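Values in this document were obtained by computation on a predicted structure and should not be read as measured data.
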Amino acid sequence: MSEYNHHKIEAKWQEYWEKNKSFLVAEDRNREKFYGLVEFPYPSGDGLHIGHLRSYTAMDIICRYQRMKGKNILYPIGFDAFGLPAENYAVKKNIKPQETTAKNIINFTRQLKAAGFSFDWDRSLSTTDASYYRWTQWIFVQMFKQGLAYKAKQTINWCTSCKIGLANEEVVNGVCERCGGEVIKKDKEQWLLQITKYADRLIDDLDNVDYLDRIKSQQINWIGRSEGAEVNFQVAKSDQQIKVFTTRPDTLFGATYLVLAPEHRLLEELKNNISNWDEILKYIGEAQKKSDLERTELAKDKTGVEIKGVKAINPVNNQEIPIWIADYVLISYGTGAIMAVPAHDQRDFEFAKKYNIEIKQVVAHDTDEEVFTGEGKAINSGEYDGLTTAEFKKQITKWLTKEKFGRAAINYKLRDWIFSRQRYWGEPIPLIYCDQCDWQPVPEEDLPVVLPEIDNFLPTEDGQSPLAKVEDWVHTKCPKCGGVGMRETDVMPNWAGSNWYFIRYTDNKNDQQMVDPKKAEYWLPVNWYNGGMEHTTLHLLYSRFVYKFLYDIKAIPQKCGVEPYQKRTAHGMILGEGGIKMSKSKGNVVNPDDYLTKYGADATRLYEMFMGPFDQAIAWDEKGVTGVAKFINKVWALQAKVVAGAVIDKKITTALHQTIKKVGDDIVNMRFNTAVSQMMILVNLWEKAEEINQDDWQKFILVLSPFAPHLAEELWLAIGHQNSLCQVPWPSYNPKLIIADEFELVVQINGKVRDKINVAINITQQEVEDLVKKSDKLAKFLTDQTIKKIIYIPNKLVNIVV
RNA sequence: GGGCGAGUGGCGGAACUGGUAGACGCGUUGGACUUAAAAUCCAAUGAGCUAAACACUCGUGAGGGUUCGAGUCCCUCCUCGCCCACCA
């Protein structure tokens, strides 16, 4: 037997699968479908990341397994190619993003094929193809028509380096998630999508899907639903009111001042009544200049200014209380104003202490602490004294509503989604502005609005999209009145294309509609979606929202259900050698090509599965790859021992059937590392055997095939099969054969292991006791002792208490 | 500060609903083959005590508890990782 040559054999089977379209799939109503999905890559110039390979291998194994279990498998791949990195790269190298993207997709495709994934390549797509983004634009138009897309002047996060507005989700620690640039607050007209309208459903529907708990809780926390009340405080000697949101309306009697965010609109209206307007103006200016980073850095020392000449009236006791302005109150949450209860809120307490504002206890508590944020019986609250927090909340909310001083209210941390970017490399927003008719959607038959190819795609200093300079593109007709129309020049964010790509895979060539409902009905929802934790509050949440919208307008058949993904799992990150994050600057980036070439796809796949628990972060270790490469060579060499009708050793039969069961179970539970080790155990046993029975061998090849498909195909061919094993059924195991007929009985005395005896299975307790009494080893522990108790665990151990 | 998770040999990690801790792999050591090396094969490999083996003792972040029996369950504490964070 010649040595295993992965170069030759892997290339051969990759060619075979491609030529025979082994993984081409179509709807088949007679077969149960299985839709396995992985996050499609962003085709960067660096090529595929080793982490992509891990996630894709895992889902490839699951899909290959399900295929062998008889299911009709959809396992697609595509490219998420719009976005800033391509554009930044294009700017740097002065090459059109169209060109770099096309080049990168070719490179990614080559790499993905070299890894031996069972993708149906006929369903591939790129978000940058006009035939695809036509429907991304179509979805936007539907949202616009339903009133979910709206333009508004917003205080937004502005990246000073990328020169674009960012969603909250894209600001990390006060800096831009993409480039690390400084983020400041800026007023800007932006298109927004009303994701907040779906906030409750995005929380509630999580009950009906199978997501990892940490994914669910992260989404719930991100949406950040909190229930409470809105309270209106009358401004004394004015017809103005200040609305605040609070989760503790029961502490209303302890509200000793109000605080407005510096950006609060009411300030301007009260201007004439404010005696220290200059001071206020100065504070507003300072707050505006601060970046998010500075604001949070200064979190410990709160600042503020009292608004002189204006007071608010606390509706529960008609007391006049001071109004302050402070940047610890955020304009973007709730109403942008709070009632401060320093006795029962940490932040209000710090502020009140610093500025000597009255602190009034209204919740009884035993602790010595000056601030008590827990629940308890009400005090100093007039007729409400003695009520529990929960009961007080109920009654006061009722009273507020009756007296028109407020109402029950729910607030979310989630904000509407800023959906425009002042850049070039994205889907043009398909809207036209007309002086007469305001904003009008581009008629559906005119979609797509093709992104014009231009030479100067640099972002502009004034924050306008580079498209604004393409005059013959901007100037158009109003679709409603036929008059002068101007195209929207902002483009969509990079999330737009990934919102719905999994829908398009089910019908990627349709030029009549987004998707054929019949096809969608067969394939959707996705059975299993694996991806990264970093997308939990971005892509995963966004795409659930967009899917729900499409469901509501019946673009998705009702039969598909309200959730796009039945199951969501997440892989752990692969770290560089030594356990630090891979990065170019540290020079510890692992290039998949090196491993695919040196060790082969099967070895790389096996290693990535064997290296550790799939859901945990783990450091790359080249030495580990040599271990699985040895395993492959061992398996290859074992062929020489295969004999048809060879005598089967009972121990090996047991191990084989255990392997069939364990590998199958482990695949479904994503416990790939133990699946690989179980196969190694079987192979180690065979190494010691004289001969291997061919039927057994055949079963093993099938079990191995999802992990190391090239090797398995070649072995399959070698024992005389003509066709690929991709569609061959997964072998079944015999539950009776899994149990060995002998076992090692562990004898414990007072819980300590004192002896191990080989005995036949299903031995009775009486027989065990007799055996124990006869044992010489145990004699010294048992003589002169009275046996108090004997605990026997069948087929495992016996514990004698003396 | 809040949420989630994790601490097991030299290393990555196994251990089902409490039942032999350290599977499998890496590394290391010794041996075989070789002129030599690589590759391959064989053996050993938690610590202590032993010349060695048997035996024994100790061992899953620390301390307590429940149990015949705890890596696993309960309480207290420590450390680390990730996500969020002035969210009213």
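- Nearest to the side chain of A:K789, among B:A88, B:G13, B:C68, sits B:C68.
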Given side chain to side chain donor-acceptor pair (under 3.5 Å), test A:E622 with A:Y595 step by step and report yes or no.
CA-CA 9 Å; A:E622 176 158 3; A:Y595 288 85; 3.2 Å; yes
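- Counting distance only, with no hydrogens placed and no angle test, the side-chain atoms of A:Q748 and the base atoms of B:U20 include no donor-acceptor pair under 3.5 Å.
- You'll find a donor-acceptor pair under 3.5 Å spanning the side chain of A:K302 and the base of B:C86, going by distance alone.
- Using the six-membered ring where Trp is involved, A:F351 and A:Y355 have ring planes that are tilted, between 30° and 60° apart.
- Residue-to-nucleotide proximity on RNA chain B shows that, of A:G627 and A:Y412, the 5′-proximal contact is made by A:G627.
- If you check B:A14, B:A88, B:A15 against the side chain of A:N673, the one that comes closest is B:A14.
- In this structure, A:D615 atom CG and B:A6 atom P are separated by 9 Å, rounded to whole Å.
- Proximity of A:K752 to the phosphate of B:A21: no side-chain N or O atom is located under 4.0 Å from OP1 or OP2.
- Among the heavy atoms of the strands, none lies under 4.0 Å from A:T536.
- A:N633 has its CG atom 9 Å from the P atom of B:C41, to the nearest Å.
- Between A:R415 atom CZ and B:C84 atom P the separation is 14 Å, expressed in whole Å.
- Counting only distance, with no hydrogens or angles, the side chain of A:Y607 and the backbone of A:W620 share no donor-acceptor pair below 3.5 Å.
- The side chain of A:S677 has B:C24 as its nearest neighbour among B:C24, B:C86, B:G13.
- Comparing the C1' positions of B:U8 and B:A23 gives a spacing of 13 Å, expressed to the nearest Å.
- With distances taken from any side-chain atom of A:K630 to the nucleotides B:C41, B:G69, B:U40, the minimum falls on B:U40.
- In terms of modelled atom types and a separation under 3.5 Å, the side chain of A:Q658 and the main chain of A:I738 share a donor-acceptor contact.
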For A:E39 and A:R568, run salt bridge (Lys or Arg N to Asp or Glu O under 4.0 Å): C-alpha distance rounded to whole Å, both residues' side-chain angles, the deciding distance at 0.1 Å, then the answer.
CA-CA 11 Å; A:E39 286 164 353; A:R568 168 78 181 191; 2.7 Å; yes
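- Comparing atom distances between the A:N684 side chain and each of B:C24, B:A85, B:U20 picks out B:C24 as nearest.
- Nucleic acid contact class of A:N221 (heavy atoms, under 4.0 Å, all strands): sugar-phosphate only.
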Could you walk me through whether A:E227 and A:K393 satisfy the salt bridge (Lys or Arg N to Asp or Glu O under 4.0 Å) test, starting with their C-alpha distance in whole Å, then the side-chain angles of each, then the deciding distance to 0.1 Å, before giving a yes or no?
CA-CA 11 Å; A:E227 290 177 39; A:K393 276 185 189 175; over 6 Å; no
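- Rounded to whole Å, the separation between the C1' atoms of B:C84 and B:C16 comes to 35 Å.
- Within the 4.0 angstrom heavy-atom criterion, only backbone atoms of the sugar-phosphate kind lie near A:V801; the bases stay farther away.
- Taking the C1' atoms as reference points, B:C75 lies 16 Å from B:U67, given to the whole Å.
- Nucleic acid contact for A:N411: none, since no nucleic acid atom lies under 4.0 Å from a heavy atom of the residue.
- Note on A:I618: only backbone sugar-phosphate atoms sit closer than 4.0 angstrom, heavy atoms only; bases stay farther off.
- What separates CG of A:N750 from P of B:C68 is a distance of 11 Å, to the nearest Å.
- Between the CZ atom of A:F707 and the C1' atom of B:G25 there is a distance of 15 Å, rounded to whole Å.
- For A:R754, a side-chain nitrogen or oxygen approaches OP1 or OP2 of B:C56 to under 4.0 Å.
- We find that NZ of A:K598 is positioned 12 Å from P of B:A39, with the value rounded to whole Å.
- The CG atom of A:N669 sits 16 Å away from the C1' atom of B:A15 (whole-angstrom rounding).
- Atom-to-atom, CG of A:L575 to C1' of B:C80 comes out at 14 Å; the value is rounded to the nearest Å.
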Any chance you could encode RNA chain B as dot-bracket? Rule is Watson-Crick or G-U wobble with both distances under 3.5 Å; [ ] for pairs crossing earlier ones, | for another strand.
(((((((..(((......[....)))((((((.......))))))(((.......)))..(((((..]....))))))))))))....
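- In this structure B:G9 sits in the syn conformation; its chi angle is within 90° of 0.
- Between the side chain of A:H571 and the main chain of A:D615, no donor-acceptor pair closer than 3.5 Å is present.
- Using a 4.0 Å heavy-atom distance criterion, A:R225 is classed as making no nucleic acid contact.
- Among the protein residues, A:K623 comes within range of the sugar-phosphate backbone only, with heavy atoms under 4.0 Å from sugar or phosphate atoms but none that close to a base.
- A:E534 comes within contact range of no nucleotide atom at all, as no heavy-atom separation falls under 4.0 Å.
- Here A:D666 pairs with A:K662 in a salt bridge; the nearest charged N to carboxylate O distance falls below 4.0 Å.
- In the set B:C16, B:A15, B:A88, the nucleotide with an atom closest to the side chain of A:K796 is B:C16.
- Side-chain atoms of A:D416 come within 3.5 Å of backbone atoms of A:T196 as a donor-acceptor pair (strictly under, hydrogens ignored).
- Among the protein residues, A:I681 comes within range of the sugar-phosphate backbone only, with heavy atoms under 4.0 Å from sugar or phosphate atoms but none that close to a base.
- Listed pair A:T537 / B:C83 fails the phosphate criterion, with no side-chain N or O lying under 4.0 Å from OP1 or OP2.
- Taking atom P in both B:A21 and B:G46, the straight-line distance is 14 Å, to the nearest Å.
- With hydrogens and angles ignored, the 3.5 Å screen pairs no side-chain donor or acceptor of A:H264 with any backbone N or O of A:A337.
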